[in-house]
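Just so we're clear, the structure is a prediction, and the values are computed from it rather than from any experiment. Whatever order the structure lists ligands and atoms in, that order sets their numbers, starting from 1. FYI, the numbering just counts along the sequence from 1. Note that these values count all heavy atoms, side chains included, but never hydrogens, waters or copies made by symmetry.
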Amino acid sequence: MSDVKDVIIIGSGPAGDTAALYAGRANLSVTVFEGWQPGGQLTTTTVIENYPGFENGIDGNELMQEMKKQAERFGAEYITKDITKVDFSGENKKVYAGETEYEAKSIIVATGAKPRKLGLDSEERLWAKGVSSCATCDGFFFKDKVVAVVGGGDSAMEEAMFLTKFATKVYLLHRRDEFRASKIMLDRAQANEKIEFITNVAVEEILGENSVSGVKLKNTGSGEESEIEAQGFFLAIGHIPSTKFLEGSVELDDEGYILRKENSMTSAAGVFAGGDCVDHRYRQAITAAGQGCQAAIDAERWLEAQ
Ligand code: NAP
């Protein structure tokens, strides 16, 4: 069948686009399902200052458009659809966008992850206007400002400590008084004079019209409400990998991240994975791009060996 591709790539963030570039340059026929949010998480942030090669930083959307154009130059075809179902049982692997079936000899999954959100209207309204889920990406914009971080795990400690490099003060807001964070990370954060811990609080609302001006809190015990002033609000309550549609087809860990078994190959032969759907540690554009490159090289070698 002529329309069986060498590689289908699911996802169009840095991992998917880099995989498409490498697979295209290896002369493989490539289709990328970019989903209804092409470009992934980077398109929801502002300036990216930590992706090498851009002295003055680059807008997230622009970076992703450049990556896509670069992959297209080497023959990658992009389809703006979400893959909702897969069948990796046969020699040719099948993926489905709704009822439409597509086939390929190999698959690269690069569907990324979504930051877990609190589910507040104000969080959506002020997203990228002071609300962020990535201190490494956006911390610099809060030089000499006050910020709040919500969460009680290692990410929250790490984000809070990173933010003290810029902010004059960092509130650490947590819904309990026990922490999931490792002792060493918690100790470090607690020893940092710029960080003030506020425990047993739920975030009721992020305050501000066009930018963040504060946070409304409610004590989880007494129900008492209070407000703090802050110009930035960082979510650090975990991530959710976008892998639900893969359940039963490839092995996932307890949190839903794809397990890579042999280099970048998953538990399904000929199905590779890279980026934030695999990685809950680094979660950077550059590391995702690197893993996309690995997946494409491994896919090419696997196809060659078949
Ligand atoms: P995590 O360990 O799952 O912690 C999530 C935190 O967010 C918990 O404190 C949780 O509170 C809180 N939370 C979840 N949903 C919430 C909600 N709706 N409202 C308020 N709070 C909420 O996630 P993580 O910190 O992102 O870490 C993920 C993994 O990466 C962990 O294995 C961690 O060790 C690892 N990590 C390691 C490093 C490092 O070693 N440098 C850095 C970052 C992450 P409860 O505790 O009450 O459930």
Side-chain angles (χ1 to χ4, degrees), residues 41 44-45 50 112-127 131-139 147-165 170-192 195-207 212 214-228 230 232-244 252-260 273-288 291:
Q41 284 187 74
T44 68
T45 177
N50 55 6
K114 292 187 169 61
R116 184 173 283 129
K117 293 185 177 175
L118 294 164
L120 302 170
D121 289 345
S122 50
E123 179 182 46
E124 294 303 329
R125 187 166 49 78
L126 294 167
W127 192 262
V131 177
S132 167
S133 61
C134 178
T136 318
C137 318
D138 297 329
V147 299
V149 176
V150 61
D154 281 336
S155 292
M157 302 307 137
E158 198 168 65
E159 302 273 276
M161 282 188 287
F162 184 78
L163 286 164
T164 60
K165 292 180 197 219
V170 178
Y171 289 106
L172 191 299
L173 313 174
H174 182 36
R175 63 184 177 184
R176 297 189 294 148
D177 57 5
E178 283 172 23
F179 294 87
R180 268 178 218 276
S182 54
K183 188 172 178 321
I184 186 163
M185 301 275 281
L186 180 62
D187 286 350
R188 268 188 216 150
Q190 284 177 332
N192 191 314
I195 303 177
E196 181 178 331
F197 280 67
I198 307 181
T199 53
N200 297 319
V201 285
V203 174
E204 289 276 284
E205 198 185 341
I206 305 160
L207 304 169
V212 172
V215 187
K216 187 172 166 190
L217 302 169
K218 187 175 188 177
N219 188 289
T220 50
S222 65
E224 190 187 331
E225 291 187 340
S226 59
E227 285 183 15
I228 53 166
F233 182 88
F234 287 80
L235 286 161
I237 58 172
H239 280 75
I240 304 171
S242 304
T243 57
K244 195 129 190 72
L252 308 174
D253 73 9
D254 292 345
E255 294 171 40
Y257 289 90
I258 300 170
L259 291 168
R260 304 208 294 184
D276 287 12
C277 60
V278 166
D279 168 27
H280 50 74
R281 184 173 173 83
Y282 300 104
R283 292 197 290 254
Q284 299 300 302
I286 187 68
T287 52
Q291 290 190 350

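Among protein heavy atoms, the minimum distance from atom 7 (O) of ligand 1 is reached at I237 CA, 3.3 Å. Scanning the protein for heavy atoms near atom 9 (O) of ligand 1, the closest one is G152 N, 3.0 Å. Nearest protein heavy-atom contact of atom 31 (C) of ligand 1 is D154 OD2, 4.9 Å. Remark: minimum distance from atom 44 (C) of ligand 1 to any protein heavy atom is reached at S155 OG, 3.4 Å. Scanning the protein heavy atoms around atom 30 (O) of ligand 1, the nearest turns out to be H280 O, 3.8 Å. The nearest protein atom to atom 42 (C) of ligand 1, hydrogens excluded, is given as E158 OE1, 3.4 Å; this is a heavy-atom distance. Closest to atom 17 (C) of ligand 1 among all protein heavy atoms lies R175 NH1, 3.3 Å. Closest to atom 2 (O) of ligand 1, if we only count protein heavy atoms, is R180 CD, 3.8 Å.
In this structure, the separation between CG on N200 and NZ on K218 is 14.0 Å, given to the nearest 0.5 Å.
Between E123 and L235 the shortest side-chain heavy-atom distance falls below 4.5 Å. With a 4.5 Å cut-off on side-chain heavy atoms, F234 and V150 do not count as touching. Residues F233 and L118 meet the side-chain proximity criterion, which asks for heavy atoms closer than 4.5 Å.
Between the side chain of Q291 and the backbone N or O of G274 there is no donor-acceptor pair closer than 3.5 Å.
Here V203 has no heavy atoms under 4.0 Å from ligand 1, in either its backbone or its side chain. Heavy atoms of E178 found under 4.0 angstrom from ligand 1: none, in either backbone or side chain.
Distances below 4.0 Å separate heavy atoms of R176 from the following atoms of ligand 1: 45 (P), 46 (O), 47 (O). Ligand 1 places these atoms under 4.0 Å from at least one heavy atom of G238: 23 (O), 26 (O).
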### Task
Mind running side-chain contact (heavy atoms from CB on, under 4.5 Å) on L120 and V203 for me, showing each step along the way?
CA-CA 9 Å; L120 302 170; V203 174; 3.8 Å; yes
#### Entry: From CA spacing to verdict: side-chain contact (heavy atoms from CB on, under 4.5 Å), R125, V131
CA-CA 9 Å; R125 187 166 49 78; V131 177; over 6 Å; no
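Within a 4.0 Å radius of atom 33 (C) of ligand 1, the protein has at least one heavy atom.
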Residues 171-187 side chain polar contacts: donor-acceptor under 3.5 Å, at least two apart:
from: H174; atom 1: NE2; to: E178; atom 2: O; distance (Å): 2.8
from: S182; atom 1: OG; to: D154; atom 2: OD1; distance (Å): 3.0
from: K183; atom 1: NZ; to: D187; atom 2: OD2; distance (Å): 2.6

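Residue K165 qualifies as open at atom NZ: its count of foreign heavy atoms under 6.0 Å is 12 or below.
Ligand 1 has at least one atom lying under 4.0 Å from a heavy atom of R281.
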